[in-house]
Enquirer: 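Got a structure for you, questions after.
Here, residue 1 is the first one in the sequence, and each next residue gets the next number.
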Amino acid sequence: MSDTGNRPLDVLEASVGDDVTVHLKDGEVFRGVLTGYDQHMNLVVEADQDTTIIRGDNVVSIQP
């Protein structure tokens with residue numbers, strides 16, 4: 001594994017501005033543009049005119 005590009009936060013950084021699908025522990029799915037995140041992997045996803053903040057510990061997967 002190289003030192004760059006393989007850490008989860010590196011993947012999130014590369015995905016900012018892209019469409020993503022976020023799957024949560026409770027089975028809910030969010031689709032939209034990843035517009036931000038923090039060191040706890042809390043996510044900001046925008047779809048149409050809605051902005052959703054997703055707590056990082058609820059995320060199961062993020063797909064581009």
Enquirer: Check side chain to side chain contact (heavy atoms under 4.5 Å, CB included) between Glu46 and all other residues, then give those that pass, not counting sequence neighbours.
Expert: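 For Glu46 the side chain to side chain contact (heavy atoms under 4.5 Å, CB included) partners, ignoring immediate neighbours, are Thr35, Thr51.
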
Enquirer: Got a donor-acceptor contact below 3.5 angstrom from the Asp38 side chain to the His40 backbone?
Expert: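 Yes, the answer is positive, given that a donor and an acceptor are paired below the 3.5 Å cut-off.
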
Enquirer: Would you find a donor on one side and an acceptor on the other, under 3.5 Å apart, between the side chain of Asn42 and the backbone of Tyr37?
Expert: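 No, because the side chain of Asn42 does not come within donor-acceptor range (under 3.5 Å) of the backbone of Tyr37.
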
Enquirer: With rounding to the nearest 0.5 Å, note down the distance linking CZ in Phe30 to OG1 in Thr52.
Expert: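 Rounded to the nearest 0.5 Å, the CZ-OG1 separation comes out at 5.0 Å.
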
Enquirer: Provide the full list of salt bridge (Lys or Arg N to Asp or Glu O under 4.0 Å) pairs with a residue in residues 53-62, sequence neighbours left out, each pair given once.
Expert: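 Applying salt bridge (Lys or Arg N to Asp or Glu O under 4.0 Å) to every pair that reaches into residues 53-62, excluding sequence neighbours, yields Arg55-Asp57.
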
Enquirer: Under 4.5 Å between side-chain heavy atoms, counting indirect links through other Ile/Leu/Val/Met/Phe/Trp/Tyr residues: same cluster for Val60 and Leu43 or not?
Expert: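 No, Val60 does not connect to Leu43 through the hydrophobic network.
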
Enquirer: Pair Val45, Ile54 - check side chain to side chain contact (heavy atoms under 4.5 Å, CB included), show working.
Expert: CA-CA 8 Å; Val45 178; Ile54 303 170; 4.1 Å; yes

Enquirer: How far apart are the closest heavy atoms of Val20 and Ser15, and which atoms are they?
Expert: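 Smallest interatomic distance, heavy atoms only, reads CG1-CB, 4.5 Å.
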
Enquirer: To check you understand the geometry: which heavy-atom pair defines the closest contact between Gly32 and Ala47, and what is its length?
Expert: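 For Gly32 versus Ala47, the nearest heavy atoms are CA-CB, 4.2 Å.
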
Enquirer: Which pairs count as side chain to side chain donor-acceptor pair (under 3.5 Å) when at least one residue sits in residues 19-32, sequence neighbours excluded?
Expert: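 Checked against side chain to side chain donor-acceptor pair (under 3.5 Å) - neighbours excluded - the pairs reaching residues 19-32 are His23-Gln63.
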
Enquirer: Apart from Val29 itself, which Ile, Leu, Val, Met, Phe, Trp or Tyr residues share its cluster (side-chain heavy atoms under 4.5 Å, direct or through members)?
Expert: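 So far as hydrophobic clustering goes, Val29 is joined with none.
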
Enquirer: Under 4.5 Å side-chain heavy-atom separation, chaining through any Ile, Leu, Val, Met, Phe, Trp or Tyr, what else clusters with Val44? Say none if it is isolated.
Expert: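 Reading the cluster by chain and number, Val44 sits alongside Ile53.
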
Enquirer: When rounded to the nearest 0.5 angstrom, what is the spacing between CZ in Arg7 and CG in Leu12?
Expert: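 So the gap between those two atoms works out to 11.5 Å.
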
Enquirer: With sequence neighbours excluded, what pairs up with Asn58 under the side-chain hydrogen bond (donor to acceptor under 3.5 Å, both in side chains) test?
Expert: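 Asn58 satisfies side-chain hydrogen bond (donor to acceptor under 3.5 Å, both in side chains) with no other residue.
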
Enquirer: Do Val11 and Val22 sit in one hydrophobic cluster, given that two such residues count as connected whenever their side-chain heavy atoms are within less than 4.5 Å of each other, even indirectly?
Expert: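 No, separate clusters.
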
